[in-house]
Protein chains: 2
Amino acid sequence: MSVKLDELADLIRDEKISELRAELLEMPVGEVVDFLERLGVQDRAVTFRLLTKDVAVEAFDMLDQALQSEIVDGLKDADVAHFFDSLEPDDRVRLMDEMPASVARKMMRQLSARERSLTNIVLGYPSGTIGRQMSPEFVAIPEHWTVEQAMEKIRRAGDDAETLYTLPVVDRQRLLEGVVSLRSLIAAPPEMPIAELVTEADSVDADHDAEDAARLCADRKHLAMPVTDKEHRVVGIFTVDDALDILERAESEDAARHGGAEPLHRPYLSTPVLRIMRSRIVWLFVLAVGATLTVQVLDVFEETLESKVVLSLFVPLLIGTGGNTGNQAATTVTRALALGDVSPRDALKVAWREVRVGLTMGSALGVLGFTFAGAIYGWDIGWTIGLTLIAICVLAASVGGLMPLLAKKIGADPAVFANPFISTFVDATGLIVYFMIARAVLGI
Amino acid sequence: MSVKLDELADLIRDEKISELRAELLEMPVGEVVDFLERLGVQDRAVTFRLLTKDVAVEAFDMLDQALQSEIVDGLKDADVAHFFDSLEPDDRVRLMDEMPASVARKMMRQLSARERSLTNIVLGYPSGTIGRQMSPEFVAIPEHWTVEQAMEKIRRAGDDAETLYTLPVVDRQRLLEGVVSLRSLIAAPPEMPIAELVTEADSVDADHDAEDAARLCADRKHLAMPVTDKEHRVVGIFTVDDALDILERAESEDAARHGGAEPLHRPYLSTPVLRIMRSRIVWLFVLAVGATLTVQVLDVFEETLESKVVLSLFVPLLIGTGGNTGNQAATTVTRALALGDVSPRDALKVAWREVRVGLTMGSALGVLGFTFAGAIYGWDIGWTIGLTLIAICVLAASVGGLMPLLAKKIGADPAVFANPFISTFVDATGLIVYFMIARAVLGI
């Protein structure tokens with residue numbers, strides 16, 4: 001497929017516009033989106049204008065917000081208004097977050113009154129909450145209706161399928177009573193009262209954290225969940241396709257931060273090099289400044305190093321092992337936190353598990369280290385390396401396991417906080433432990 | 001919530017069984033599952049037997065396969081048969097993969113004939129394919145039917161909602177023509193022919209990789225996708241809730257392997273310590289053995305180190321920076337691969353981007369390193385550190401960006417292959433570069 005996309009890119013370069021247009025007509029929308037994601041800003045704008053209206057609207061909807069915002073920049077106002085109106089209110093709000101405030105305000109003025117008021121509902125919730133991601137267009141079924149009345153209302157409703165398969169059931173005060181699935185409505189006799197079909201629903205408060213809500217929706221396998229206000233009145237519905245978007249964004253963030261960088265939030269090949277650099281340089285600096293701690297520690301022990309230069313040979317091996325052990329523990333616990341399997345209250349349990357894991361692994365590595373280092377560089381060096389490996393594994397595993405919990409406790413992102421802190425802390429303390437053990441064993 | 005779960009655990013410890021039973025009766029199923037996931041094998045078996053039949057079946061369905069398998073071990077044969085029969089065919093096959101083959105065969109014999117034949121369809125596909133994860137129970141609508149006929153068939157169908165909202169439409173040879181959504185059937189007049197409502201469908205071949213198919217389902221926001229055989233006949237349907245499961249499992253694997261460990265595939269707190277240790281020790285050993293390369297490199301340059309001990313102070317800082325830079329690049333590219341934004345064919349583009357990113361970041365860090373190291377340890381050391389930082393950043397970024405592509409090309413997991421290889425390779429080559437530069441600058 002990628003070969004074909006490269007050929008299409010050649011058509012743009014060679015300005016064979018009519019050939020490109022013909023090719024685009026034949027492609028499924030998904031592939032058009034893949035193609036757009038690989039292009040630079042200029043080429044993307046050119047290609048986008050070649051699409052038929054229908055394909056353009058659908059493709060626009062599937063693009064990342066950052067790319068949508070760039071496309072909007074390159075379009076005439078009338079066209080922009082058209083795309084903007086065709087988006088769902090929650091997608092529209094996310095796009096507005098990417099655009100300059102002045103442009104966003106202009107867009108809002110061009111919307112139809114109904115779309116504007118729906119957008120304002122979503123805009124009323126702080127960013128990061130589920131209220132900001134929900135769909136304010138939903139069909140609520142009064143509990144005292146019959147199946148027939150409900151089906152009639154559904155038939156007349158708009159065309160957004162996800163929001164129609166799980167329907168919030170409300171009482172006369174619009175308070176949430178539960179949900180009814182379209183599937184059960186279809187199977188039931190027309191005269192049956194809705195009250196007999198309603199099932200208990202997991203609902204979320206509109207102020208709730210969006211990622212948590214998405215995880216709940218995915219874990220419990222809901223196609224949609226009602227969103228309520230403080231009084232338990234239904235204010236919107238949150239569908240599994242939005243949950244998928246939120247989770248993918250969250251995974252991308254976790255992955256990037258775990259690798260010591262900020263997420264790009266846009267396709268790699270269409271991201272300018274300077275932007276990639278900016279997403280990494282801050283963390284690289286922070287980590288490098290942290291690493292100067294190791295220079296200072298080694299400086300303190302310079303005399304020990306001078307009298308036994310062989311000790312310096314093992315420095316990368318020892319801090320590398322510490323870093324790896326710490327990373328393993330941090331990754332496991334970060335993931336368990338994300339899935340809701342542990343919470344900061346479990347700190348003692350986690351620490352005790354990780355101390356035992358570290359001790360077991362450290363002992364195994366220590367025996368190996370003792371044997372090989374001892375056989376080649378003498379048994380006193382062997383003892384030093386073996387004992388240091390045990391100590392470093394225990395230290396790194398427990399610090400690595402606890403850091404994500406601490407981060408969560410103080411409200412930081414476990415993936416960001418854990419990694420830099422572990423490498424800096426374990427490197428520096430590991431070196432101190434190493435030289436203390438070396439001095440004791442070697443008698444210097 | 002966690003406090004409450006701890007209190008419940010205390011009830012088990014104190015053997016207050018009737019109190020525990022009363023508490024369990026009041027809890028939503030989701031919380032019961034959270035609780036079960038935190039318990040040891042024995043306590044989990046005790047608790048599970050206290051649940052009412054309905055809750056037990058629902059909770060069983062939501063547990064990880066590893067825990068399901070342990071629960072089955074502790075139940076009487078008659079009860080097991082009941083749970084086994086209540087599972088969907090695809091979930092059943094995944095559970096069978098976890099159980100000893102002899103137990104699995106016994107289970108199969110106890111199934112009803114219909115369930116057994118459905119299970120056999122799924123078992124016919126190799127593990128890792130979408131055929132193994134699809135639901136073989138689906139409702140296909142012949143193209144020449146009317147809306148009324150279709151609705152009648154749907155009303156009489158089983159109760160699995162996800163498989164009924166997107167319905168495969170087939171011609172007289174059961175070849176896939178497209179899909180029709182339940183939503184459009186409801187809105188259409190009863191006498192309308194299905195052929196007028198059918199829309200083009202993304203379908204997947206049953207032999208297709210399961211993770212790829214799940215990613216496609218999520219990217220394109222499908223509630224369900226038809227699964228076809230080589231002749232394009234419909235053989236099953238793949239729903240978004242199964243896609244979510246597969247993606248979560250894949251993310252857990254990527255996260256674990258990125259941290260240099262194997263995935264646990266079960267909740268952290270209920271995993272025995274020895275099992276956690278086993279998931280990490282192999283990688284830790286591989287990485288430690290790889291790290292002995294650094295000992296050998298330093299051994300080669302021992303004379304240089306002896307004449308200038310100050311060089312050893314910067315070893316952790318330099319290899320740390322190399323490791324971080326490599327990791328940043330590898331993480332970005334691994335994620336882009338997972339999302340389908342790049343492919344191994346883009347290797348040259350990726351390399352050229354990463355060389356530029358590495359050069360920009362290396363130059364910035366290099367100036368800082370030159371200034372500080374120069375001011376404290378003399379300008380010849382400053383030049384050595386500054387130049388080495390530039391070289392290491394370029395080397396690490398390009399190797400880090402290319403490794404995931406190479407891994408993908410040779411069919412390995414990019415997340416596993418990239419990380420260990422980068423740390424070993426960048427550490428060792430980085431040290432060689434360092435000492436070559438040092439010798440040239442310092443004239444030793």
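Throughout, a chain's letter reflects where its sequence line sits, starting with A, and its residues are numbered from 1.
For A:L216, no part lies under 4.5 angstrom from a heavy atom of chain B. Of the two parts of B:D219, the backbone and the side chain both hold a non-hydrogen atom closer than 4.5 Å to a non-hydrogen atom of chain A. Looking at B:E248, the atoms closer than 4.5 Å to chain A (heavy atoms on both sides) sit in the backbone and in the side chain alike. Contact annotation for A:L244: only side-chain heavy atoms (C-beta onward) come within less than 4.5 Å of a heavy atom of chain B. Contacts of B:A336 with chain A are made by side-chain atoms alone, with heavy-atom separations under 4.5 Å and no backbone atom involved. Proximity to chain B (any heavy atom under 4.5 Å) is shown, for A:Q328, by both the backbone and the side chain. Both the backbone and the side chain of A:T292 have a heavy atom closer than 4.5 Å to some heavy atom of chain B. For B:E251, the parts lying near chain A are the backbone and the side chain together; criterion is any non-hydrogen pair under 4.5 Å. Looking at A:V350, the atoms closer than 4.5 Å to chain B (heavy atoms on both sides) sit in the backbone and in the side chain alike. Heavy atoms of A:A364 lying under 4.5 Å from chain B belong to its backbone as well as its side chain. Proximity to chain A is absent for every atom of B:D427, based on heavy atoms less than 4.5 angstrom apart. Using a 4.5 Å cut-off between heavy atoms, B:A329 contacts chain A through both its backbone and its side chain.
Atom CG of residue A:D242 and atom NZ of residue B:K221 lie 6.5 Å apart, to the nearest 0.5 angstrom. To the nearest 0.5 angstrom, A:C393 atom SG is 8.0 Å from B:I281 atom CD1. Put simply, CD1 on A:I276 and OG1 on B:T332 are 7.0 Å apart, with the number rounded to the nearest 0.5 Å. Atom-to-atom distance recorded for A:Q296:CD and B:I376:CD1 is 8.0 Å, nearest 0.5 angstrom. Between B:F285 atom CZ and A:L368 atom CG the span is 4.5 Å, to the nearest 0.5 Å. Here the CG-CG distance, from B:D34 to A:D341, works out to 8.0 Å after rounding to the nearest 0.5 Å.
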Item to complete: Check the pair A:V273, B:W352 against side-chain contact (heavy atoms from CB on, under 4.5 Å), reporting the backbone distance first and the verdict last.
Response: CA-CA 10 Å; A:V273 167; B:W352 174 228; over 6 Å; no

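Chain A forms the most heavy-atom pairs under 4.5 Å with one residue out of B:L365, B:D245, B:L305, B:V29, and that residue is B:L365. Interface check for chain A: of the options B:V295, B:T360, B:L284, the most heavy-atom pairs under 4.5 Å are formed by B:L284. Listed options B:M277, B:M151, B:R335 were ranked by heavy-atom pairs under 4.5 angstrom with chain A; first place goes to B:R335. If you tally non-hydrogen atom pairs under 4.5 Å between each of B:T294, B:V33, B:I186 and chain A, the highest count goes to B:I186. Between chain B and the residues A:R356, A:E306, A:R220, the largest count of heavy-atom pairs under 4.5 Å involves A:R220. No other option in B:P263, B:A187, B:P267 has as many heavy-atom pairs under 4.5 Å with chain A as B:P267. Options A:S252, A:S270, A:G358, A:A288 differ in how many heavy-atom pairs under 4.5 Å they form with chain B, and the most are formed by A:S252.
The backbone N or O of B:R183 lies less than 3.5 Å from a partner atom in the side chain of A:Y165, making a donor-acceptor pair.
Proximity of A:R353 to B:L269: side-chain heavy atoms (C-beta onward) are separated by under 4.5 Å at one or more points. Proximity of B:F372 to A:V289: side-chain heavy atoms (C-beta onward) are nowhere separated by under 4.5 Å. The shortest distance between side-chain heavy atoms of A:L337 and B:Y268 does not fall below 4.5 Å. A:V240 places none of its side-chain heavy atoms less than 4.5 Å from the side chain of B:D241.
The salt bridge (Lys or Arg N to Asp or Glu O under 4.0 Å) contacts involving residues 266-288 of chain A comprise A:E70-A:R266, A:R280-B:E354, where partners must be two or more places apart or lie in separate chains.
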Could you pull out every donor-acceptor pair under 3.5 Å between side chains of residues 309-323 of chain A and any protein atom, sequence neighbours left out?
residue	atom	partner	partner atom	Å
A:S312	OG	A:V309	O	2.8
A:T321	OG1	A:L317	O	2.9

